[in-house]
Protein chains: 4
Amino acid sequence: MPQPPAVARPPRQKRSRESLERALTAAIEVIVDHGWDGFTVAEVSRRAQVSVGSLYARFGSKEDLFIAAQERYLHGIDEECSAYFTDAKWAQLSPRETVAAAVQGVSDSIERHGGFLRGLMLRAVVDPEVSAHGSPSIHHLAEAFSAVILVHRDSIRRVDPELAVDVCFRMVFSAFGRRLLYGPVFESPREFSWERFRAEQTRACCAYLLGSGSEDPA
Amino acid sequence: MPQPPAVARPPRQKRSRESLERALTAAIEVIVDHGWDGFTVAEVSRRAQVSVGSLYARFGSKEDLFIAAQERYLHGIDEECSAYFTDAKWAQLSPRETVAAAVQGVSDSIERHGGFLRGLMLRAVVDPEVSAHGSPSIHHLAEAFSAVILVHRDSIRRVDPELAVDVCFRMVFSAFGRRLLYGPVFESPREFSWERFRAEQTRACCAYLLGSGSEDPA
Amino acid sequence: MPQPPAVARPPRQKRSRESLERALTAAIEVIVDHGWDGFTVAEVSRRAQVSVGSLYARFGSKEDLFIAAQERYLHGIDEECSAYFTDAKWAQLSPRETVAAAVQGVSDSIERHGGFLRGLMLRAVVDPEVSAHGSPSIHHLAEAFSAVILVHRDSIRRVDPELAVDVCFRMVFSAFGRRLLYGPVFESPREFSWERFRAEQTRACCAYLLGSGSEDPA
Amino acid sequence: MPQPPAVARPPRQKRSRESLERALTAAIEVIVDHGWDGFTVAEVSRRAQVSVGSLYARFGSKEDLFIAAQERYLHGIDEECSAYFTDAKWAQLSPRETVAAAVQGVSDSIERHGGFLRGLMLRAVVDPEVSAHGSPSIHHLAEAFSAVILVHRDSIRRVDPELAVDVCFRMVFSAFGRRLLYGPVFESPREFSWERFRAEQTRACCAYLLGSGSEDPA
DNA sequence: GATGAATGAGGCTTCATTCAT
DNA sequence: AATGAATGAAGCCTCATTCAT
């Protein structure tokens with residue numbers, strides 16, 4: 001599982017730790033509320049009640065501040081993800097139910113953290129550091145997703161089940177990520193609710209992984 | 001099919017048409033080479049050998065210049081897309097081959113125009129005008145994709161074949177679009193070639209649409 | 001009386017004269033509608049349906065265009081003024097009535113042409129050419145104002161009646177001019193209607209020129 | 001009496017207060033030396049030895065900088081005005097002398113601050129904020145002018161002495177303001193010294209307010 | 001360490017004027 | 001002569017980063 005932030009210079013005193021705390025919280029809020037375009041050092045300073053100078057003392061640059069906020073935020077997601085995917089419930093699910101629940105885990109996570117993820121994904125396109133620091137959390141999610149499904153490895157009708165599950169994860173993650181950034185009618189005028197979209201993704205994954213029997217009840 | 005650019009004020013004289021041409025070409029180049037961040041009015045002016053004033057005479061604002069470049073570029077893609085999807089070859093393909101070729105059409109288009117599309121997609125997240133002007137071309141592609149596959153409607157084992165094909169398009173487009181923006185190992189450390197990725201997308205679509213028989217030859 | 005425009009290069013052909021005509025009319029309209037800030041060469045060109053090049057061919061610079069428009073406009077005012085102040089009616093008026101009518105003449109003229117005069121006065125502060133070209137018309141008005149009042153020279157209880165009348169004109173012109181530019185409550189919060197203001201100006205002039213007997217009926 | 005500037009964000013440190021000081025001083029100088037047209041942010045920055053960014057940190061916009069300079073300047077005038085009109089001398093003056101001194105107070109103030117007032121008045125025509133922020137100081141002057149004269153209310157032969165005095169103030173202020181902006185021969189070719197002009201204004205006011213006895217000693 | 005004022009490069013846009021057609 | 005496209009200097013403003021206190 002990804003580790004806590006390593007970017008910021010570690011603070012020694014309590015007061016310092018608190019203001020670092022506020023800085024990260026504020027940075028996240030700014031991203032959520034105003035997106036990357038509204039993410040200015042001055043705005044974070046104002047919200048965090050931490051001086052610009054301190055921010056630079058701690059983070060070195062705007063980019064690093066962003067990355068630290070990102071790590072902080074993703075750390076939270078990681079824990080959520082771990083909690084979701086290590087629950088006891090999984091043991092009792094059928095392959096099909098497992099896929100459904102796994103897809104739902106990914107979908108929910110993206111939907112719930114949409115505000116921040118928008119800013120993050122936008123930035124990751126352009127800034128390799130952001131991309132590099134964001135990747136592990138997604139890998140972690142991918143890993144968890146794969147693990148629960150691969151429990152049913154025998155039901156997977158693919159030569160390379162690991163690969164197949166990986167492909168599923170990519171499909172699902174891409175589809176929801178895209179929807180998050182561009183809305184439901186960017187690629188196609190047909191509108192879907194988030195739930196319906198998830199249901200279809202699930203069906204597609206089942207069909208791909210589990211093969212026959214996944215057709216609609218005709 | 002989407003229409004040619006309507007954003008720029010039409011020039012009257014030949015010299016003028018040439019410089020408009022240069023402006024659009026330069027704008028596209030700048031986006032390809034330096035992305036949105038490098039897309040400054042001054043830079044386009046320099047590359048196009050067209051004065052800033054002329055750009056504003058023609059496009060009114062930086063945003064409009066971007067959109068005009070976008071329309072110009074997408075118009076080219078639209079034509080490519082139309083050419084690809086209206087070819088005679090389609091008549092002779094099996095459902096499975098049809099899906100494969102359709103996926104490949106989308107995949108190739110995205111790969112070939114990756115440079116520009118990166119800038120465009122990045123911008124579409126934030127600027128609703130860009131999004132609105134970009135959408136039709138993707139809808140056009142979606143339509144073409146759907147049309148060729150729906151020829152084999154009878155082979156589709158879904159209650160709502162139109163919807164199913166739409167979902168496929170979204171999956172494929174999202175997956176390739178994402179890979180374009182973030183590279184092959186962003187979501188998962190497992191590396192894929194573009195071709196392999198396409199092959200798996202195809203399998204997934206076949207499984208989802210065509211049902212049994214789509215398993216790997218075990 | 002001031003002469004017609006001498007600034008613009010005289011046109012030879014009819015078509016030319018017409019477009020020069022349109023240019024001047026348009027220039028005036030622009031000043032009236034959008035003030036000096038909206039007075040751009042491009043805007044005049046658009047309204048006049050005369051190319052920018054032609055405007056420059058004719059007027060040499062934006063400043064000269066403005067001055068030509070000014071002369072054209074003021075020429076009209078001059079004629080109005082002449083008409084007003086040479087009417088037969090004056091012969092039958094008492095000194096007091098004469099002052100009242102003269103003040104009204106000035107007041108009406110300023111009010112009626114307020115739209116253009118605002119732009120003109122604003123410009124005259126800053127541009128000596130504009131000031132120099134505008135002056136004669138006001139001098140003309142001053143002259144007419146003085147002339148009708150000086151008919152009653154014997155009633156004027158001042159050592160230097162010419163000077164006294166001149167002072168009156170300045171007072172009246174300044175007061176109305178100022179009101180035109182700044183509105184009724186700029187100098188003092190007490191509001192006046194334009195008519196009331198004129199009435200008081202008249203009283204002041206009468207008091208100053210004609211002396212005792214000008215008090216309010218106590 | 002109008003209050004000191006409230007527009008600029010208050011500085012916390014000494015260095016800061018000094019540079020704010022320099023900014024305002026420089027802004028005023030620029031207006032005096034080059035008028036509104038020369039009042040550019042860059043020029044103020046240069047003169048004040050204060051960076052553009054600092055100006056914006058403090059004033060938010062060019063307009064606000066102008067208004068802050070205006071408030072600063074007018075505050076000085078207000079104090080001068082208060083000093084002049086609350087002096088003990090007034091108690092000993094006759095009505096006629098009082099009017100003369102009051103007119104002189106207005107006249108001197110306008111003459112002394114001509115440089116700045118030109119820029120200010122020019123701007124007030126076009127910018128309602130400037131107008132609104134300038135008005136109170138003139139109202140203050142009007143109030144002082146009225147107060148000293150209304151001490152002699154019994155000598156004023158007008159039904160409404162307050163109104164009459166107000167009218168006088170407007171006449172005087174307009175006349176001097178106009179002369180300031182346009183010079184002595186704009187309305188009439190007859191040249192006057194500033195003093196002579198003031199003398200006549202005084203006579204006119206006396207005649208209007210005090211009635212008979214104001215004739216020139218024939 | 002912490003603060004927040006100061007810096008100034010760099011971005012967008014306007015518009016008077018010129019000049020090729 | 002007439003046209004209107006082209007030019008580019010100049011203006012306003014933002015914001016990442018530095019640095020005096």
Side-chain angles (χ1 to χ4, degrees), chain A residues 9 11-13 15-16 19 37-46 49-63 65, chain B residues 9 11-20 23 37 39-45 48-63 65, chain C residues 9 11-13 15-16 19 37-46 49-63 65, chain D residues 9 11-20 23 37 39-45 48-63 65:
Chain A
R9 277 152 226 158
R12 302 278 157 74
Q13 303 167 11
R15 214 166 67 91
S16 275
S19 79
D37 284 356
F39 183 74
T40 68
V41 177
E43 176 65 14
V44 173
S45 157
R46 217 174 49 67
Q49 305 274 52
V50 168
S51 71
V52 175
S54 293
L55 292 179
Y56 272 85
R58 200 70 79 203
F59 300 101
S61 75
K62 177 178 160 169
E63 185 189 8
L65 167 57
Chain B
R9 279 157 222 152
R12 304 276 163 78
Q13 302 173 7
K14 196 181 103 218
R15 199 161 67 96
S16 193
R17 202 153 39 240
E18 282 166 3
S19 79
L20 180 145
D37 285 355
F39 183 75
T40 70
V41 175
E43 176 63 15
V44 173
S45 159
Q49 303 276 55
V50 165
S51 72
V52 175
S54 290
L55 292 180
Y56 273 86
R58 207 99 48 222
F59 301 102
S61 74
K62 177 181 160 167
E63 186 188 5
L65 169 55
Chain C
R9 275 154 229 156
R12 300 282 157 72
Q13 302 166 10
R15 213 166 67 92
S16 277
S19 78
D37 285 355
F39 183 75
T40 67
V41 176
E43 176 64 15
V44 173
S45 158
R46 221 175 44 69
Q49 305 276 51
V50 169
S51 71
V52 175
S54 293
L55 292 179
Y56 271 85
R58 200 72 80 203
F59 300 102
S61 75
K62 177 178 161 168
E63 185 190 8
L65 168 56
Chain D
R9 279 156 223 154
R12 302 275 161 79
Q13 303 173 6
K14 198 181 101 218
R15 199 160 67 96
S16 191
R17 203 152 40 242
E18 281 167 2
S19 81
L20 180 145
D37 286 355
F39 184 75
T40 69
V41 175
E43 176 64 16
V44 174
S45 160
Q49 303 275 56
V50 165
S51 71
V52 174
S54 291
L55 292 180
Y56 274 87
R58 206 88 64 213
F59 302 102
S61 75
K62 177 182 160 166
E63 186 189 5
L65 169 56

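In what follows, every chain begins at residue 1, and chains take the letters A, B, ... in the order their sequences are listed.
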### Message
Rounding to an integer number of Å, can you tell me how far Gln49(C) CD sits from dT3(F) P?
### Response
10 Å

### Query
Asp37(A): what forms a side-chain contact (heavy atoms from CB on, under 4.5 Å) with it, not counting sequence neighbours?
Val126(B)

### Task
Between dA2(E), dA6(E), dA6(F), spot the one nearest the side chain of Arg58(A), thanks.
dA2(E)

### Query
Between Leu55(A) and Val41(A), which heavy-atom pair has the shortest distance, and what is it?
CD1-O, 3.9 Å

### Query
Can you list the residues that meet the side-chain hydrogen bond (donor to acceptor under 3.5 Å, both in side chains) rule with Ser45(B), with sequence neighbours excluded?
none

### Message
If I take atom CG in residue Leu55(D) and atom C1' in nucleotide dA5(E), what distance separates them, rounded to the nearest angstrom?
### Response
12 Å

### Query
OP1 or OP2 of dG8(F) less than 4.0 angstrom from a side-chain nitrogen or oxygen of Ser45(B), does that happen here?
no

### Summary
Lys62(D) and Phe39(D) have their tightest heavy-atom pair at NZ-O, 2.9 Å

### Task
Only counting residues at least two apart or in another chain, list the ones meeting side-chain contact (heavy atoms from CB on, under 4.5 Å) with Ser51(A).
Ser54(A)

### Task
Write down the distance between CZ (Arg17(B)) and P (dG4(F)), rounded to a whole number of angstrom.
15 Å

### Query
Along nucleotides 12-17 of chain E, 5' to 3', which nucleotides get a B, which get an S, and which get a -, given that the test is a protein heavy-atom distance under 4.0 Å?
SBBBSB

## Note on the structure
Counting only Watson-Crick and G-U wobble pairs with both atom distances below 3.5 Å, the stems of 3 or more consecutive pairs that include DNA chain F are E:2-21 with F:2-21

#### Entry: With Thr40(A) via side-chain hydrogen bond (donor to acceptor under 3.5 Å, both in side chains) - residues at least two apart
none

### Query
Are OP1 or OP2 of dG4(F) and a side-chain N or O of Ser51(C) less than 4.0 angstrom apart?
no

### Set of residues satisfying salt bridge (charged side-chain N to carboxylate O under 4.0 Å, His left out) with respect to Glu43(B), sequence neighbours excluded
Arg46(B), Arg47(B)

#### Entry: Nearest-Å distance for atom pair CZ/C1', residues Phe59(C) and dT18(E)
18 Å

#### Entry: Point-to-point distance, once rounded to the nearest 0.5 Å, from CZ of Arg58(B) to OG of Ser19(B)
4.5 Å

